[in-house]
Amino acid sequence: MDTDHDGSRYRAPALDKGLDILELLASSDESFSQAEIAKSLKRTPNEIYRMLDRLVHRGYVVRSADDRYELSLKLFALSHQHAPMRRLVAQAIPVMRRFSRAGGQSCHLAVYDRGGVIIVAQTDSPFYWGLSIRVGSRIGLYNTGSGHVLLAFASPREREFMRSEYDTAHDDLAPRGLDGRLSAIKRQGHEAMPSEQTQGVYNLSVPVLGPDGSAIAALTCPFVKGLAKAERMSMAKAVTLLDRAGHELSILAGGGGRATVAKRKRRPARTA
């Protein structure tokens, strides 16, 4: 019986070689020459040439004009093709229900999906009326609190990919000042903006952070003034409750909680 050095019963040298290349390129922001990849993997350049060629052809690796290689964002795209994320949703629902009971508001969980944002979970206000969004709905990346948070807490390369994928699928361009807005969201740890879809509603959004500190989802409350409990609940208090819920979900998702906004005094919610 053939057993690999790591204890596996079966060997797939070509697959291992390809995965080794992907893992090496993912470990650095720098590009590599073919010789540098071969040296790092303790292989000859000829051993990896065909594998690199196939990875480039399939779009997992990009080759520059000066024959250097770097990881594309195709793996990032693939990881977001299985929405809703069942495990995250299962973990989120109890946390979201607690927020809705405490804040008297509905909330929803959203993830990035192929140039847009998709709602994967929703809990209603405990009162007889409120604002909710149907699970499975697709909403905008540039004009919603969820979209802003997903962009703000993405890595630079992820953000570039998300914006290019959005721009390919839509005619409208990013609004003026979006980059400055995203920087402010990253600093304050949340978005608080008047809804561009519903008058009198504010989108309050916080990130659910993954292990690398980027947002794997956005937790959003469409804050409606005038609800019985909301009359005694300021928007700043609602943001604080929402941030706690996002922090709890980040821990459950394997992230570091408030990786970016931790241990810093919470600023009042900005609505401009």
Side-chain angles (χ1 to χ4, degrees), residues 73 75-127 130-141 143-155 158-159 161-162 165-166 185 189-191 195 197-198 201-224 238-261:
L73 287 171
L75 288 174
F76 170 76
L78 289 176
S79 71
H80 287 76
Q81 286 183 5
H82 296 282
M85 307 176 204
R86 290 185 178 87
R87 182 177 178 186
L88 179 60
V89 168
Q91 293 170 331
I93 292 297
V95 177
M96 295 167 64
R97 285 175 178 161
R98 287 196 294 273
F99 167 82
S100 291
R101 286 196 299 268
Q105 302 278 344
S106 64
C107 67
H108 54 264
L109 189 72
V111 299
Y112 175 78
D113 181 66
R114 292 168 292 180
V117 179
I118 187 168
I119 307 301
V120 297
Q122 156 74 32
T123 59
D124 293 327
S125 163
F127 302 114
L131 181 66
S132 62
I133 301 179
R134 186 178 66 251
V135 171
S137 298
R138 294 184 69 86
I139 60 176
L141 185 66
N143 62 357
T144 64
S146 297
H148 286 182
V149 162
L150 291 170
L151 285 167
F153 286 87
S155 71
E158 288 172 346
R159 185 185 298 179
F161 173 80
M162 293 162 72
E165 198 167 41
Y166 177 89
I185 293 168
H190 68 271
E191 171 66 297
S195 171
Q197 293 75 38
T198 308
V201 173
Y202 283 85
N203 292 330
L204 311 181
S205 301
V206 299
V208 177
L209 302 175
D212 64 351
S214 63
I216 60 174
L219 185 61
T220 297
C221 166
F223 187 86
V224 182
V239 169
T240 298
L241 290 175
L242 196 67
D243 180 61
R244 290 175 184 168
H247 172 68
E248 183 176 352
L249 283 179
S250 297
I251 296 297
L252 290 173
R258 301 182 186 90
T260 304
V261 290

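Atoms considered below: every heavy atom in the structure, side chains included; atoms not considered: hydrogens, waters and symmetry mates.
Considering NE2 of His247 and CG of Leu252, their distance stands at 10.0 Å, rounded to 0.5 Å. Rounding to the nearest 0.5 Å places OG1 of Thr220 at 9.0 Å from CE of Met96. The CZ atom of Arg101 sits 12.5 Å away from atom CG of Leu241, with the distance rounded to the nearest 0.5 Å. To the nearest 0.5 angstrom, Leu151 atom CG is 12.0 Å from Ser214 atom OG. Put simply, OG on Ser195 and CG on Asn203 are 4.5 Å apart, with the number rounded to the nearest 0.5 Å. Atoms CD1 and CD1, on Ile119 and Ile133 in that order, are 5.0 Å from each other to the nearest 0.5 Å.
Formation of a donor-acceptor pair under 3.5 Å by the Arg98 side chain with backbone atoms of Ala245 is not found in this model. Although no hydrogens or angles enter the test, the distance criterion places no donor-acceptor pair under 3.5 Å between the side chain of Ser100 and the main chain of Ser125. No donor-acceptor distance shorter than 3.5 angstrom exists from the side chain of Gln91 to the backbone of Leu249, with no hydrogens or angles considered.
Side chains of Tyr112 and Glu158: a donor-acceptor N/O pair is absent below 3.5 angstrom, by distance only.
Between Ala238 and Phe99, the shortest heavy-atom distance links the atoms O-CE1, 3.7 Å. When all heavy atoms of Ser250 and Leu209 are compared, the pair lying nearest together is OG-N, 2.8 Å. Residues Leu141 and Gly115 share a closest heavy-atom pair of CB-O, 4.5 Å. Nearest heavy-atom pair across Val117 and Gly147 is CG2-CA, 3.9 Å. For the residue pair Val149 and Ala218, the shortest heavy atom distance occurs at CG1-CB, 4.0 Å. A pairwise comparison of heavy atoms in Leu109 and Ala92 identifies CD2-CB, 3.8 Å as the closest pair.
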> Can you list the steps and then say if His108 with Val135 is a side-chain contact (heavy atoms from CB on, under 4.5 Å)?
Replying inline: CA-CA 8 Å; His108 54 264; Val135 171; over 6 Å; no
>> I'd like to know whether Val111 forms a side-chain contact (heavy atoms from CB on, under 4.5 Å) with Ile216, so could you lay out the CA-CA distance, the side-chain angles of the two residues, the decisive distance to 0.1 Å, and finally the verdict.
In response: CA-CA 7 Å; Val111 299; Ile216 60 174; over 6 Å; no
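Between Glu191 and the options Ser146, Ser205, Pro207, a side chain to side chain contact (heavy atoms under 4.5 Å, CB included) holds for only Ser205.
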